[in-house]
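In what follows, a structure is listed as structure tokens, so that the remarks can point back to it.
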Amino acid sequence: MVTSFGKTSAFKTSFANRNKKHLTNEQWMTIFHFLLKESKREKIQRGLEPKATQQFSVSQATVKQLTSKCVSRKPTRVGLKAKEFDWSKIPEIPLRRRTNIRSLAKALNILKSTVHRQIKKGKIKKHTNAIKPAFTTEIKKVRLEFCLGMIKENMMFEGMYNVIHTDEKWFYMTKTTENYYLHPEEEEPH
């Protein structure tokens with residue numbers, strides 16, 4: 001057989017007599033090398049696919065499948081590269097400014113979503129600090145003495161009109177748990 005280039009090709013006969021469902025690896029490589037040789041800068045030129053279908057007696061879908069798999073492969077990672085950030089600045093920020101993602105992002109001058117991503121990756125760790133009253137026996141004894149000191153001689157309690165209970169106000173002003181965002185190597189606050 002004579003091809004469009006005027007030469008006899010052994011591959012032309014193997015393509016003509018092939019099973020229509022499957023191509024051999026040699027036939028795939030022949031078509032691939034033809035497309036690669038005729039393309040410029042890994043881009044298929046216009047009119048090259050019909051030329052390949054005619055020369056190798058294959059369907060246009062077969063050539064398109066080969067070009068999409070082998071020649072015009074897109075990179076897997078697209079978009080802007082992630083900016084590198086020095087996370088060692090976190091311990092320098094006071095704890096009161098690291099209680100939520102928004103305040104930490106503002107202190108670091110980056111986006112909240114970036115901080116959230118870094119928490120998921122483990123570059124920033126979340127620490128929950130619960131405020132638990134330490135009721136030791138000494139504190140219980142002091143409280144009992146205070147209560148006994150409020151009893152008058154006639155076994156009546158003294159009016160507490162001039163007493164301010166600061167611990168109650170402290171209890172309602174503070175949260176029971178507090179979150180802090182820390183550097184992974186930073187010690188957890190108490």
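Every heavy atom of this structure was used, including side-chain atoms; hydrogens, water molecules and symmetry mates were not. Note that the coordinates shown come from a computational prediction; the quantities given were computed from them, not determined experimentally.
- F32 has its side chain within reach of M29: a pair of non-hydrogen atoms, C-beta onward, lies under 4.5 Å apart.
- By the 30° and 60° cut-offs, the orientation of the rings of F56 relative to F34 is perpendicular.
- Side-chain atoms of T62 and T53, non-hydrogen and from C-beta on, never get closer than 4.5 Å to each other.
- With a 4.5 Å cut-off on side-chain heavy atoms, K125 and E188 count as touching.
- Looking only at atom types and distance, the side chain of T128 has a donor-acceptor partner in the side chain of N179 under 3.5 Å away.
- Within the 4.5 Å cutoff, side-chain heavy atoms of Q118 are placed close to those of K121.
- Atom CD of E178 and atom CZ of R98 lie 12.0 Å apart (nearest 0.5 Å).
- Distance check, rounded to the nearest 0.5 Å: NE2 of H127 to CD of E187 gives 11.0 Å.
- The number of heavy-atom neighbours closer than 6.0 Å to CG of D86, taken from other residues, nucleotides and ligands shown, is above 12.
- Contact detail for R97 and S103: the closest heavy-atom pair is O-OG, 3.1 Å.
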Practice problem: With side-chain contact (heavy atoms from CB on, under 4.5 Å) as the test, would you mind laying out the steps for K141 and T137 before giving the verdict? | Solution: CA-CA 6 Å; K141 193 187 299 183; T137 53; over 6 Å; no
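- Grouped with L104 in one hydrophobic cluster are F85, W87, I90, I93, I101, L108, I110, V115, I119, I124, Y181, the linkage being side-chain heavy-atom contacts under 4.5 Å among Ile, Leu, Val, Met, Phe, Trp and Tyr residues.
- Taking all atoms of both residues into account, the shortest heavy-atom contact from P184 to G122 is CG-O, 3.4 Å.
- Nearest heavy-atom pair across V63 and E49 is CG1-CG, 3.9 Å.
- By the rule that hydrophobic residues join a cluster once side-chain heavy atoms approach within less than 4.5 Å of another member, L144 and I151 end up as members of one cluster.
- The structure places CD of Q55 at 9.5 Å from CD1 of I31, a figure rounded to the nearest 0.5 Å.
- No chain of hydrophobic side-chain contacts below 4.5 Å, direct or via other Ile, Leu, Val, Met, Phe, Trp or Tyr residues, connects F157 to Y161.
- Here the OG-CD distance, from S88 to E185, works out to 9.5 Å after rounding to the nearest 0.5 Å.
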